[in-house]
Amino acid sequence: MEIARPIIHYFLHLVFPIVLAWLFFRKDWKKAYFLMLLTMLVDVDHLFATPIFDPNRGSVGFHLFHGYVAIGIYILMLFFKGNIRILGVGLLFHMFTDFLDMQMNPHL
């Protein structure tokens with residue numbers, strides 16, 4: 001699982017959003033995919049942690065933009081139209097990916 005974990009994590013962050021874009025935003029799937037990739041910028045909150053990267057620390061619930069209040073805001077974004085909704089889907093999928101990564105971490 002140690003080898004598969006980062007492969008699954010980065011696959012879900014970088015490749016699987018193409019599937020989401022195609023399923024939910026087919027008309028503008030390329031734009032939707034690009035916006036979902038932009039949601040990776042949410043990881044800027046890792047820069048405020050010490051250490052910046054800790055493989056044995058989960059992101060969800062720890063970092064500011066991975067916190068439960070932020071996740072609530074991402075859910076509310078689903079009720080808007082256009083780019084806001086696309087970003088909401090991307091951010092929630094980002095949180096799901098990070099949560100799944102936490103579940104696969106044997107040290108947490």
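Computed over heavy atoms, backbone and side chain alike; hydrogens, waters and symmetry mates excluded.
Taken together through direct or relayed side-chain contacts under 4.5 Å among Ile, Leu, Val, Met, Phe, Trp and Tyr, Leu41 and Phe62 form parts of separate hydrophobic clusters. Leu35 and Val15 fall within the same hydrophobic cluster, where Ile, Leu, Val, Met, Phe, Trp and Tyr residues are linked whenever their side-chain heavy atoms come under 4.5 Å apart, directly or through other members. Residues Leu100 and Tyr68 are members of one and the same hydrophobic cluster, defined by side-chain heavy-atom contacts under 4.5 angstrom among Ile, Leu, Val, Met, Phe, Trp and Tyr. Residues Leu12 and Met95 share a hydrophobic cluster, clusters being chains of Ile/Leu/Val/Met/Phe/Trp/Tyr side chains in contact below 4.5 Å. The cluster map of Ile, Leu, Val, Met, Phe, Trp and Tyr, joined by side-chain heavy atoms under 4.5 Å apart, puts Phe80 and Leu78 in the same cluster.
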Should Val42 and His63 be marked as a side-chain contact (heavy atoms from CB on, under 4.5 Å) after you check the CA-CA gap, both sets of side-chain angles, and the distance that decides it?
CA-CA 10 Å; Val42 76; His63 297 292; over 6 Å; no

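Partners of Phe99 by side-chain contact (heavy atoms from CB on, under 4.5 Å), not counting sequence neighbours, listed by chain and number: Val60, Gln103. Legend: residues meeting side-chain contact (heavy atoms from CB on, under 4.5 Å) with Leu47, ordered by chain and number and at least two apart, are Val44, Ile52. Partners of Lys30 according to the side-chain contact (heavy atoms from CB on, under 4.5 Å) rule, which considers only residues two or more places apart in sequence or in another chain, do not exist here. Every side-chain contact (heavy atoms from CB on, under 4.5 Å) that Asp43 has, sequence neighbours left out, goes to Met40, His46, His66, His94, Asp98. Take Tyr10 and apply the ring pair (Phe, Tyr, Trp, His ring centres under 6.0 Å) test, not counting sequence neighbours, and it matches no residue.
Rounding to the nearest 0.5 angstrom, the gap separating the OH atom in Tyr33 from the CG atom in Leu38 is 11.0 Å. To the nearest 0.5 Å, the span separating CZ on Arg85 from CZ on Phe24 amounts to 11.0 Å. In this structure, CG on Leu20 lies 5.0 Å from CE on Met36, to the nearest 0.5 angstrom. Atom CZ of Phe65 sits about 13.0 Å away from atom OG1 of Thr39, to the nearest 0.5 Å.
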Sequence neighbours excluded and cut-off under 3.5 Å, please list the side-chain donor-acceptor pairs for residues 86-93, or say none.
none

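Remark: the backbone N or O of His9 is not paired with any side-chain donor or acceptor of Asp101 at under 3.5 angstrom.
Residue Pro6 comes nearest to Ile3 through the heavy atom pair CD-O, 3.3 Å, listed as atom of the first residue, atom of the second, then distance.
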